[in-house]
Structure formats: C-alpha cells, structure tokens
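First up is the structure itself, then whatever we jot down about it.
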Amino acid sequence: MALTFNPITMGTGADSIDAQHKVLVDLINRLLVSMQTGRAKDEVGPILNDLAKYATSHFAHEEACMARFSCPAALANKNAHAAFLNTFTAMKADYDKNGPSPMMAIRMQRELSDWIAQHIVGVDVKLKPCIPAGTKV
Ligand SMILES: [Fe+2]
Ligand SMILES: [Fe+2]
C-alpha cells in the first residue's frame, strides 16, 4: 500500500523537514511501484541511489534541528538514523547482488516504507513542542 504523508500525525513543526519527508515518501512509493512492475531492473537501482543520498542529507538536517532546539528525542533520533542506514546498506548490497524478487519487495515495504512511517510518527514529531512559537524552520 502506498505511503501517504499525513500532516496531522506526521507534522514536525518544521516546514523544511516536512517537505523532505514528503520527498522521502514519494521516493519510497516510486521504489515499491517499480518493484511491483517489470520496470524494476532499470528503475530500482537509480531510485535506491537517490534514496541513500536524500536520506543521508535529510537525517543530517533533522539531527541539526533537534540539536538546535534541544529536543529530548535527539539521541534516539540519531541512533535510529544510524540503524536505518545500516539496514539500508545491507539491503542495497543484497539487491545489487541478487536483483529484484518478491522477498526483496516485502523487505523494502517493511524496512523502508513501514519504518519511515513509524519513525516519523514515533520520533521525528517529538521536535514539534521544542520549536518556539513563530520560529520558521
Ligand atoms: Fe528522524
Ligand atoms: Fe525524518
């Protein structure tokens, strides 16, 4: 099922972060659609590369915001990002070696799509009460 950005449950109070989350959601949805169609071979590799780059720069921006506003979830967020990048790297290596498969599609659904949704709702939104009213982030 396609992931959707829900501003009520996923809003972080930082427009720049919300915009990046929308891009991440879009990239992951494109990835999953590519896995479900015959286009996997041409599309999945480049999308995985884009996702790796985008997730890395997004994590850095979000970690800097949490540090700036002394968010209590800063350390948990940083650790979760590092764990995600480890999982992602292992998954990408598996994909590069073995190519698309139904098992890989399930793994991407679980480890990318489900993970990002749960992470935003569970951790990233903790930034919201830390941003002073009227501050544009
Ligand atoms: Fe995060
Ligand atoms: Fe995030």
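In each ligand, atom 1 is the first atom listed, and ligand 1 is the first ligand listed.
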### Message
Holding to side-chain contact (heavy atoms from CB on, under 4.5 Å), I want the full list of residues that pass it with Pro102, two or more places apart in sequence or in another chain.
### Response
none
### Message
Please name the atom of His21, limited to N, O or S, that comes nearest to the Fe ion (ligand 2).
### Response
NE2
### Task
Sort by chain and number the protein N/O/S atoms that are closer than 2.8 Å to the Fe ion (ligand 1), and list them.
Glu62 OE1, Asn77 OD1, His81 NE2, His119 NE2, Asp124 OD1
Please list, one pair per line, the donor and acceptor atoms closer than 3.5 Å that link side chains of residues 86-93 to other protein atoms, with sequence neighbours excluded.
{"unit_1": "Thr87", "atom_1": "OG1", "unit_2": "Ala83", "atom_2": "O", "d": "3.0"}
{"unit_1": "Thr89", "atom_1": "OG1", "unit_2": "Leu85", "atom_2": "O", "d": "2.7"}
{"unit_1": "Lys92", "atom_1": "NZ", "unit_2": "Asn49", "atom_2": "OD1", "d": "3.3"}
{"unit_1": "Lys92", "atom_1": "NZ", "unit_2": "Asp96", "atom_2": "OD2", "d": "3.0"}

### Message
With heavy-atom distances below 4.5 Å as the criterion, would you say the side chains of Glu62 and Ile17 are in contact?
### Response
yes
### Query
Hey, does His21 have a side-chain heavy atom less than 4.5 Å from the side chain of Phe5?
yes
## Note on the structure
The side-chain contact (heavy atoms from CB on, under 4.5 Å) partners of Thr9 (sequence neighbours excluded) come to Asn6, Val121
#### Entry: Heavy-atom side-chain contact between Leu27 and Ile47 under 4.5 Å
yes
